[in-house]
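Naming convention: chains lettered A, B, ... in sequence-line order (proteins, then strands); numbering from 1 in each chain.
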There are 2 protein chains.
Amino acid sequence: MNIGTASERSGLPPKTIRYYEDIGLMKAGRAENGYRDYSTEDVHRLRFLQRSRGLGFSVEECRQLLSLYDDKERESAEVKAIAEAKLAEIDRKLAELAGLRDTLQHLVRHCHGDERPECPIMDGLSGDHAAA
Amino acid sequence: MNIGTASERSGLPPKTIRYYEDIGLMKAGRAENGYRDYSTEDVHRLRFLQRSRGLGFSVEECRQLLSLYDDKERESAEVKAIAEAKLAEIDRKLAELAGLRDTLQHLVRHCHGDERPECPIMDGLSGDHAAA
DNA sequence: CCTTGACCTTCCAGTGACTGGAAAGTGTAG
DNA sequence: CTACACTTTCCAGTCACTGGAAGGTCAAGG
């Protein structure tokens, strides 16, 4: 199947699929006319990539995951370790983002938001106390 | 004061301060020897930038915020609108990240993580059911 | 006075993960 | 036959820095 179809079925834009090939993440066969040719298995690998990226794994982590995916002898412990590290990272990001949210919300709540120039948001961003 | 001192006091690396000057976000005076020269007010603006960026505002948003910061006649409503839009965006990101976390945690919890090759994480990443 | 080393300058290149667009070839439907 | 969608490659741009090279400046120690 052509790249357009593989794109639809995997949820990855054609540009991204070509990019993944460029960086050696996913190579496809070629038809006689020079067009890339994708098998159903290829589409599975693309979906795998689409999901992993969507779950926050970096391209390099996807490369690892993909090689484990291909390795039928791999140990599940290896996969679990990678996933757990990523989970911890997501938790860190969540906490950080929640902190930002609170600071910003505090600022917004205390701003009267009218035509006057006084603004606690500005004060909060420029002051020396607390914040992020 | 030199860029190194301004860097320490603002929390921004010298490279970043020069970069901000490059993109016209923050220009500094020059001493006779050609070194950049920062005033206390400059350091305040740098801190403002450091905080705003840390709170997730893009450089372009910081540019807006900074011009409002400089405009003593600005209306707080304007600032509030920008901050509220950013808050909504952070909430979206938080929800998305929480979703990822749940999916990944589910996967990790169901993986026995031993020497066997069977792995629910891999299945979850490659399968067609569910996931973010 | 000279050297050392920390600091400063500019400029160019690279990061991650794409995305956009140009120019040209291919396939298909009317 | 023509239009148009799809494909190819390649080059450039995005965002917000960051690294490094090559060279100028400055204060302290010998």
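- Remark: A/Glu8 engages no residue in a side chain to side chain contact (heavy atoms under 4.5 Å, CB included) (not counting sequence neighbours).
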Tell me which donor-acceptor pairs under 3.5 Å the side chains of residues 104-111 of chain A have, and how far apart each pair is, sequence neighbours excluded?
{"from": "A/Gln105", "atom 1": "OE1", "to": "A/Arg101", "atom 2": "NH2", "distance (Å)": "2.8"}
{"from": "A/His110", "atom 1": "ND1", "to": "A/His106", "atom 2": "O", "distance (Å)": "2.8"}

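- A/Arg47 contributes a side-chain N or O that, together with a main-chain N or O of A/Arg9, makes up a donor-acceptor pair within less than 3.5 Å.
- Protein atom CZ of A/Arg53 is 11 Å distant from nucleotide atom P of C/dG16, rounded to whole Å.
- Contacts between residues 2-9 of chain B and DNA chain D, defined by a heavy-atom separation below 4.0 Å, involve no residue at all.
- The distance between atom CZ of A/Arg63 and atom P of C/dG16, rounded to the nearest whole Å, is 10 Å.
- A/Leu49 has its side chain out of reach of A/Thr16: every pair of non-hydrogen atoms, C-beta onward, lies at least 4.5 Å apart.
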- Task: Might you work through the side chain to side chain contact (heavy atoms under 4.5 Å, CB included) test for B/Asp91 and B/Leu94, ending with a clear yes or no?
- Result: CA-CA 5 Å; B/Asp91 278 343; B/Leu94 265 173; 4.2 Å; yes
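- Regarding A/Glu61, its CD atom lies at a distance of 13 Å from the C1' atom of C/dG16, rounded to whole Å.
- Atom-to-atom distance recorded for A/Met26:CE and A/Tyr19:OH is 15.5 Å, nearest 0.5 angstrom.
- By the 4.5 Å heavy-atom criterion applied to side chains, B/Arg53 and B/Cys62 are counted as neighbours.
- In terms of modelled atom types and a separation under 3.5 Å, the side chain of A/Asp42 and the main chain of A/Ser39 share a donor-acceptor contact.
- Residue A/Ile17 is grouped with residue A/Leu25 when hydrophobic side chains (ILVMFWY) are merged at heavy-atom distances under 4.5 angstrom, including chains of intermediate members.
- Distances shown here put a side-chain N or O of B/Arg36 below 4.0 Å from the OP1 or OP2 atom of C/dT9.
- For DNA chain C, the residues of residues 11-31 of chain A within the heavy-atom distance limit of 4.0 Å (strictly under) are A/Pro13, A/Lys15, A/Thr16, A/Tyr19, A/Tyr20, sorted by number.
- Using a distance-only test at 3.5 Å, with no hydrogens or angles considered, a donor-acceptor pair links the side chain of A/Asn33 to the main chain of A/Tyr35.
- Here the nucleotide nearest the side chain of B/Asn33, chosen from C/dC18, C/dT10, D/dT25, is D/dT25.
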- Would you sketch DNA chain D in dot-bracket for me? Only Watson-Crick or G-U wobble pairs with both distances under 3.5 Å count, crossing pairs as [ ], other-strand pairs as |, the rest as dots. ||||||||||||||||||||||||||||||
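- One donor-acceptor pair, N or O on each side, does fall under 3.5 Å between the base of D/dG24 and the side chain of B/Tyr35.
- Evaluation of the side chain to side chain contact (heavy atoms under 4.5 Å, CB included) rule for B/Pro14 yields B/Ile3, B/Ser7, B/Arg18 as partners, not counting sequence neighbours.
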